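Each chain gets a letter, A, B and so on, in the order the sequences are listed, and its residues count up from 1. From a predicted model like this one, the values you see are computed outputs, not experimental measurements.
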Amino acid sequence: MKQLPIMQVLPDLKLILNKNKAAVLIAEPGAGKTTGTPPAFLDEPWMSGKSILMLEPRRLAARSAAVYMAACLGESVGQTVGYRMRMDSKVGKNTRIVVVTEGVLTRMLQSDPSLGDVGLIIFDEFHERSLHADLGLALTLEAQSVLREDLRILIMSATLDGERVSALLGGAPVVDCPGRTYPVETIYVPGSGTAQLEQAAAIAVRRALDEQPGDVLVFLPGEREIRRTERELQSGALPQGTVLRPLYGQLPQAMQDAAVAPAVPGERKVVLATSIAETSLTIEGVRTVIDTGQRRTQVFSPRTGMPRLTTVPVSKASADQRRGRAGRTAPGVCYRLWSSEEHQRLPDDNVPEIMETDLAQLALELALWGVRDPAALPWLDAPPAAPYAQGAALLRQLGALDAGGAITPHGRSMAALGAHPRAAHMLLRAAELGAAPLACRLAALLQERDLFKGPAAADSDLTLRVEALLRFERSAETGGADPAILRAVQRESRNLLAQLQAAPEVPRDSSGTGLLLSFAYPDRVGQKRGDGAFLLAGGRGAAMREGQPLSRSPYIVAAGVDDRAGQGRIMLAADLPEEELLRHHAGSFTEEREVYWDKESGSVKARRRTLLGALVLKETSHERPTAEETEDVLLGVISAEGLELLPWDKGTVQLRQRMAFMHGLRTDWPDVADEALLGSLDEWLRPFIQGMRNLRDLQRLPLSRAFEGMLDWNSRQKLDKEAPTHIAVPSGSRIPLDYSNPGAPVLAVRLQEMFGQVDTPRIGMGQVPVLLHLLSPARRPMQVTSDLASFWRSTYFEVKKDLKGRYPKHYWPDDPLQAAPTNRTRPVK
DNA sequence: CTCTCCCT
């Protein structure tokens with residue numbers, strides 16, 4: 001212990017924490033920081049009568065760190081050094097160093113924000129940036145600034161960028177400590193382009209077995225790739241004594257042990273592992289690491305509110321951590337299956353969990369802490385807004401938050417359970433109904449991997465899993481289910497039963513599964529749309545795989561839905577009897593009265609609907625909309641479909657055009673263009689559609705009165721004068737004016753009727769000469785002009801020649817201004 | 001051909 005590198009920096013750290021409230025320790029692997037640091041502070045003056053809390057991200061590491069520190073003091077765990085984790089704790093009266101796992105720290109902070117007699121809190125492996133560690137630090141920092149100015153904080157990390165943490169801690173000093181590992185040579189092996197990941201890995205394994213001594217550790221993204229690489233290697237010859245050892249989280253414990261244990265003499269071990277071997281497990285005898293540079297990670301999709309697994313490139317920090325695994329006992333080699341150029345493009349660090357995960361639980365913890373806006377707390381990376389808002393919305397739906405975002409008593413009970421808010425709500429509701437035993441088993445089943453593999457897994461009915469579990473509990477029969485997962489589920493459900501102090505009885509059968517599941521997933525209650533498709537209460541569509549008996553259920557609850565765009569696929573679900581839905585979710589129903597336009601009948605109708613989110617549970621039509629509702633809908637339809645729906649007649653069309661003409665001259669006149677009319681239907685049209693219900697009624701609308709209604713009495717007089725419907729011409733005829741083009745009204749009149757008229761008639765306060773269409777006796781257009789005087793002077797004589805030829809019986813005077821106008825062949829004498 | 005890892 002004396003020779004550990006950490007010993008060199010401890011005096012420095014003591015000095016710093018004597019004066020400062022916070023420090024950052026960057027220590028490379030093998031420095032001995034986890035077990036060397038905490039005991040060093042026990043005798044510091046500021047620690048008198050106080051204890052040390054150290055956060056460890058994994059149970060195994062927490063327990064073994066406590067055991068090791070206790071052994072160094074010549075004690076057993078539970079004396080000076082203890083630990084505390086879920087369902088397991090060894091702490092005594094004299095314990096001054098407590099190693100805790102993440103959920104425990106959160107619960108401790110929440111139940112006593114002043115942290116009692118804790119003098120120093122250490123965050124170990126902080127570079128892993130788990131959600132709970134980030135939350136724990138945020139809460140601790142606030143507790144320190146508000147309640148406990150004397151509290152010391154020490155952040156310990158392997159590769160973290162020390163400056164950012166230091167800044168968050170108000171400029172805390174950063175101490176660096178070298179590690180004690182052997183050098184590892186890095187060899188970049190750029191991909192051969194077409195080679196599959198597994199083929200490239202297998203080729204590298206053969207090369208390593210040939211070139212290097214000792215065991216080989218291969219990092220692959222997941223179980224599928226591990227199995228493929230295994231097959232790839234088995235398909236060709238391997239050197240004598242080579243054994244292949246898969247290693248991933250879901251592998252049975254005995255096989256995990258076999259992968260971790262040292263190789264038997266005469267054998268060489270090739271461990272094919274996921275990122276579990278990056279931090280969680282140390283494998284003896286590894287001299288060569290082969291890194292495919294990929295890892296599988298869960299991301300939360302705000303679009304669908306569902307988590308999804310993706311395979312992404314590792315970060316530089318992660319790749320270095322993997323490489324370090326080759327140098328723990330002797331110098332080693334690391335083959336990276338990418339180029340050094342590609343390496344430069346890798347991100348420096350993994351994306352912190354808080355940036356990518358479901359934040360419902362975080363939102364609940366913050367609400368319990370008394371914070372509604374996460375920006376009120378200090379973060380290295382603040383929780384992203386969309387997933388946070390989605391988490392808060394879910395909490396409101398589960399009754400954990402009130403409308404204002406404050407935590408409810410129910411929310412407090414949920415947080416105390418520690419489970420995901422969905423599971424916590426289900427457990428509490430189930431306990432009220434006396435169904436806790438089944439709910440604990442469901443929560444455990446949902447948390448673990450599927451009990452079934454292969455063809456049995458194709459049936460998505462959750463009750464089949466429940467029945468299998470109950471059979472296993474009663475008679476230890478596995479019945480085709482995975483025994484390791486059965487045991488894990490049983491263990492977890494016992495933990496939950498103990499937490500809820502529920503009766504130990506084994507439920508008789510799976511009945512009630514759908515109802516309990518609907519408490520956890522109220523947003524995924526699905527209503528049958530036919531053809532295996534369901535509409536979920538949250539608004540998303542989802543479909544069963546082919547041939548599922550469940551697809552005949554009118555209502556289901558979808559516990560697992562994949563994240564594909566458009567219609568999701570239901571992986572796991574249970575039938576929800578309609579009467580249970582109606583009985584137990586009535587509090588979440590919304591009643592909606594909707595008055596709407598029925599296109600088919602062309603009329604306004606009303607209906608009342610009972611909704612659960614997007615689902616219409618009940619609908620009654622035959623309601624009578626009120627007169628005002630009807631007017632609203634009618635105006636809405638006109639607004640959407642256009643003014644063509646109105647009963648236009650020639651008079652109204654002309655009236656509108658005349659008003660448009662006036663508006664063109666004086667903007668204080670009402671604008672009667674389409675856009676303006678559609679925008680002000682409420683003012684000018686509503687009074688005229690009272691009592692109307694349908695399109696037929698609308699045809700009886702006195703439309704010209706509606707237009708006249710836009711003008712007061714004076715304006716109406718003025719309209720008749722300045723935008724007259726007719727103009728009297730010299731012949732005595734009253735000729736209608738055509739306002740189709742409101743900028744240039746047209747007077748179409750036979751030429752002879754205009755004899756004697758010197759100038760163009762003007763309208764619009766004398767500002768606008770009408771556009772004259774001068775016609776032949778047969779009403780053929782001869783000439784268009786807005787300057788009659790100049791027409792008489794010149795063009796008339798050419799036109800006259802032409803007219804005389806065609807209409808010889810008519811009267812074509814040489815001096816039209818002196819001639820008598822006529823609407824006949826010749827003037828009457 | 002759905003399945004990284006951890007924790008209350």
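- Between the side chains of Ser315(A) and Asp349(A), not a single donor N or O lies within less than 3.5 Å of an accepting N or O.
- With DNA chain B read from its 5' end, the first of the two nearest nucleotides for Tyr248(A) and Glu492(A) is the one closest to Tyr248(A).
- If you take CD1 of Ile354(A) and C1' of dC7(B), they are 16 Å apart, rounded to a whole angstrom.
- For the pair Val216(A)/Ile290(A), a side-chain contact is recorded, criterion being any heavy-atom separation below 4.5 Å from C-beta on.
- Across all strands shown, Arg228(A) has heavy atoms under 4.0 Å from base atoms, whether or not it also approaches the sugar-phosphate.
- Each of Glu198(A), Glu223(A), Gln199(A) was scored for a side-chain hydrogen bond (donor to acceptor under 3.5 Å, both in side chains) with Arg228(A), with one residue passing: Glu198(A).
- At distances below 3.5 Å, at least one donor-acceptor pair connects side-chain atoms of Glu353(A) with backbone N or O atoms of Leu131(A).
- Within the structure, a side-chain polar atom (N or O) of Arg224(A) is placed less than 4.0 Å from OP1 or OP2 of dC3(B).
- In this structure, CD1 of Ile276(A) is placed 10 Å from P of dC7(B), rounded to the nearest angstrom.
- Distance, His132(A) NE2 to dC5(B) C1': 14 Å, rounded to whole Å.
- Across all strands, Glu223(A) comes closer than 4.0 Å only to sugar-phosphate atoms, never to a base (heavy-atom distances).
- Residue-level contact check: Met87(A) touches neither bases nor backbone, having no heavy atom under 4.0 Å from any strand.
- Between the CD atom of Glu225(A) and the P atom of dT4(B) there is a distance of 7 Å, rounded to whole Å.
- Among the atoms of the strands shown, none is found under 4.0 Å from any heavy atom of Glu278(A).
- Side-chain contact of Ser130(A) with Glu102(A): a donor-acceptor pair under 3.5 Å is present, judged by distance alone.
- Taking every heavy atom of residues 51-61 of chain A and every atom of DNA chain B, pairs under 4.0 Å involve Pro57(A), Arg58(A), Arg59(A), by number.
- Straight-line distance from the CG atom of Leu362(A) to the P atom of dC7(B): 19 Å, rounded to whole Å.
- Looking at residues 421-429 of chain A, you'll see that no heavy atom sits under 4.0 Å from any atom of DNA chain B.
- In this structure, Asp450(A) atom CG and dC1(B) atom C1' are separated by 14 Å, rounded to whole Å.
- Side chain to side chain, Ser460(A) and Gln548(A) meet the donor-acceptor criterion of an N or O pair below 3.5 Å.
- Applying the side chain to side chain donor-acceptor pair (under 3.5 Å) rule to pairs touching residues 487-496 of chain A yields Arg86(A)-Glu492(A), sequence neighbours excluded.
- Within the 4.0 angstrom heavy-atom criterion, no nucleotide atom of any strand lies near Ser130(A).
- Gln361(A) CD to Leu394(A) CG: the interatomic distance, rounded to the nearest 0.5 Å, is 11.0 Å.
- One finds the CZ atom of Arg295(A) at 15.0 Å from the CG atom of Leu220(A) (value rounded to the nearest 0.5 Å).
- In this entry the distance linking CG of Leu135(A) with P of dC7(B) reads 17 Å, nearest Å.
- Distance, Arg295(A) CZ to dT4(B) P: 13 Å, rounded to whole Å.
- Comparing atom distances between the Gln447(A) side chain and each of dC7(B), dT2(B), dC1(B) picks out dC7(B) as nearest.
- Nearer the 5' end of DNA chain B, as judged by each residue's closest nucleotide, is the contact made by Thr274(A), out of Thr274(A) and Ala419(A).
- Classified by interplanar angle (parallel below 30°, tilted 30° to 60°, perpendicular above 60°), the ring pair Trp338(A)/His343(A) is parallel.
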